[in-house]
Protein chains: 4
Amino acid sequence: MPIHIDERSTTPIWEQIVQQVKELILKKVLRPNDKLMSVRELASALLINPNTVSKAYQELERQSIIETRRGKGTFVTEALSGQGNEQKIKEIRESLKLLVMESSYIGVSRDTLVQWIDGYLKEWGGEDDVNRPQSK
Amino acid sequence: MPIHIDERSTTPIWEQIVQQVKELILKKVLRPNDKLMSVRELASALLINPNTVSKAYQELERQSIIETRRGKGTFVTEALSGQGNEQKIKEIRESLKLLVMESSYIGVSRDTLVQWIDGYLKEWGGEDDVNRPQSK
Amino acid sequence: MPIHIDERSTTPIWEQIVQQVKELILKKVLRPNDKLMSVRELASALLINPNTVSKAYQELERQSIIETRRGKGTFVTEALSGQGNEQKIKEIRESLKLLVMESSYIGVSRDTLVQWIDGYLKEWGGEDDVNRPQSK
Amino acid sequence: MPIHIDERSTTPIWEQIVQQVKELILKKVLRPNDKLMSVRELASALLINPNTVSKAYQELERQSIIETRRGKGTFVTEALSGQGNEQKIKEIRESLKLLVMESSYIGVSRDTLVQWIDGYLKEWGGEDDVNRPQSK
DNA sequence: GTGGTCTAGACCACT
DNA sequence: GTGGTCTAGACCACA
């Protein structure tokens, strides 16, 4: 569970953790029912405040990506909901819009963007529906 | 120059203004040498503090997107240089990565993303007609 | 971290701070990873508004001279990259031109100018000793 | 008397005029007792407000670089004072300090600076004491 | 505790 | 009229 923090980054540490856990799951380094490091373990490993890790875990739980089983620890949830969270989609579209705008300004072409997207998807496992193992 | 602020959003007001001005330029509603609303005008139109507008304008100027002429007002810059800002590209790639991650989780396919991108680019298209009518 | 403000000067306070911080770094009074005074501390020390200090710090960060770590404070950046900023060079040449013009008018010779330059460079010299004593 | 204004520049127009007049004198395009264009002439030539030209001329007069002879016009003064205006010297030293600081940051060497200085002096007429014709 | 954002209102230089 | 700067004081997220 290799997570590393960039202290300089402007994105909050707890958010960096959230993002990296998600990435580890997409990359299948972490799989459903795998146990995460405890809050204290991870905090001391990263040399940060346990509160910060806790906040990250809470956010991940809120997104139903992990779940805590009392007395046992924190685990990756079984199935990742592919339910079209409308709110989330809106956010993604908004982010994408800004991203395409910025790309336009500095001269990054459409095709380059698409290439980058494909690059990431390939890196994380190829199949188009990696995130919905039960369907199909 | 229709700008509107989302008070609830977590992104700072000044940044919302920056983004929307950029969008207006991409959409060619604002064209090179066009005058922006004055700091005071825009501030009272949006019911926000002039300082906030000022900060937005200063950031836009820093990015060479607009320029202020003393005592005259603020204007859209002549040409948008496509200088390959490496730092900026890094940021875009990072954002894109997160965005693709989120998309995977929520079940948004690669093709949908590409469609969205093409949609935005088309919307800002290259036509040279002044103030494209929103209808059509 | 001795900074002092000239209230009479026409150059903005925030810019005076920027300049003096830069000077302190060149003089090696401040070194990479050193922590700057907090916005509030410096503001109350200088009897100015925290916003003004903040603006100075933000400008220094924009120039990659310092960096802020959330909730921790503001620190001197590791390495000063000598990236050949063309725009900046143009500005320097312009300033230098004016300066030489003024010098000519007032009867300051070329050699005097060169002496002054050497004086400054020597003052900020390359020695690696921490906090060079002003005495000696 | 070729003067041109950069509307985009952040330095005030009146100051641009002051600088360029000084430069023209150093370059000997304008010589002692030469008549300057009238305020109105110059203003309409530059498409700017006469007040702005007036302000520039006032500043030049304040520095004893030009003088107005009532009913006759404005003229370049006879001899340029080489008196070591202490205040002015202080200002020059301060500017030079900042300039050298900035140069250090972006990696412009001492020798480059000296070359630039020599370049300007040569451009304006070579002799070291161009500005004090009466001595020697 | 840290820095980031915003408001309210003031003054200034430039045109 | 324009934008730039500063003050006073408030609230927020982050650690």
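So that the names make sense, note that chain A is the first sequence line, chain B the second, and so on, each numbered from 1.
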- Task: Start with the C-alpha gap between Lys90(D) and Glu94(D), add the side-chain angles, then the distance that decides, and say whether salt bridge (Lys or Arg N to Asp or Glu O under 4.0 Å) holds.
- Result: CA-CA 6 Å; Lys90(D) 248 184 165 176; Glu94(D) 187 55 28; over 6 Å; no
- Item | With sequence neighbours excluded, residues passing salt bridge (charged side-chain N to carboxylate O under 4.0 Å, His left out) with Lys88(B) | Glu102(A), Glu91(B)
- Task: With heavy atoms under 4.0 Å as the rule, sort Asn51(D) into base, sugar-phosphate or nothing.
- Result: nothing
- Within the structure shown, what part of the strands sits under 4.0 Å from Arg40(C) by heavy-atom distance: base, sugar-phosphate, or nothing? base
- Interface residues of residues 10-20 of chain B with DNA chain F (non-hydrogen, below 4.0 angstrom): none
- Message: I want to confirm an ordering. Mapping Leu36(C) and Lys55(D) to their closest nucleotides on DNA chain E, which one lands closer to the 5' end?
- Response: Leu36(C)
- Query: Mapping Lys35(C) and Thr52(B) to their closest nucleotides on DNA chain E, which lands nearer the 5' end?
  - Reply: Lys35(C)
Counterpart residues, side chain to side chain donor-acceptor pair (under 3.5 Å), relative to [X] (two or more places apart):
X: Ser54(B); value: Gln58(B)
X: Lys35(C); value: none
X: Thr11(B); value: Ser9(B)

- Query: First and last nucleotide of DNA chain E in contact with chain D, 5' to 3', at under 4.0 Å to a heavy atom: what are they?
  - Reply: dC14(E) to dT15(E)
- Query: If you pin Arg70(C) and Thr74(B) to their nearest nucleotides in DNA chain F, which one's is more 5'?
  - Reply: Thr74(B)
- Contact nearer the 5' end of DNA chain F, comparing Asn49(A) with Glu61(B): Glu61(B)
Pairs meeting criterion salt bridge (charged side-chain N to carboxylate O under 4.0 Å, His left out) with involvement of [range], two or more places apart:
range: residues 37-48 of chain D; result: none
range: residues 3-15 of chain B; result: none
range: residues 54-64 of chain C; result: Glu59(C)-Arg62(C)

- Note on the structure: Dot-bracket for DNA chain F, 5' to 3', Watson-Crick and G-U pairs with both distances under 3.5 Å, [ ] for crossing pairs, | for partner on another strand, reads ||||||||||||||.
- Item | Asn49(A): side-chain contact (heavy atoms from CB on, under 4.5 Å) partners, not counting sequence neighbours | Asn51(A), Thr52(A)
- Message: Among residues at least two apart in sequence or on other chains, which ones pass side-chain contact (heavy atoms from CB on, under 4.5 Å) with Pro50(D)?
- Response: Val39(D), Ala43(D)
- Output yes when a side-chain donor or acceptor of Gln20(D) lies under 3.5 Å from a complementary backbone atom of His4(D), and no otherwise. yes
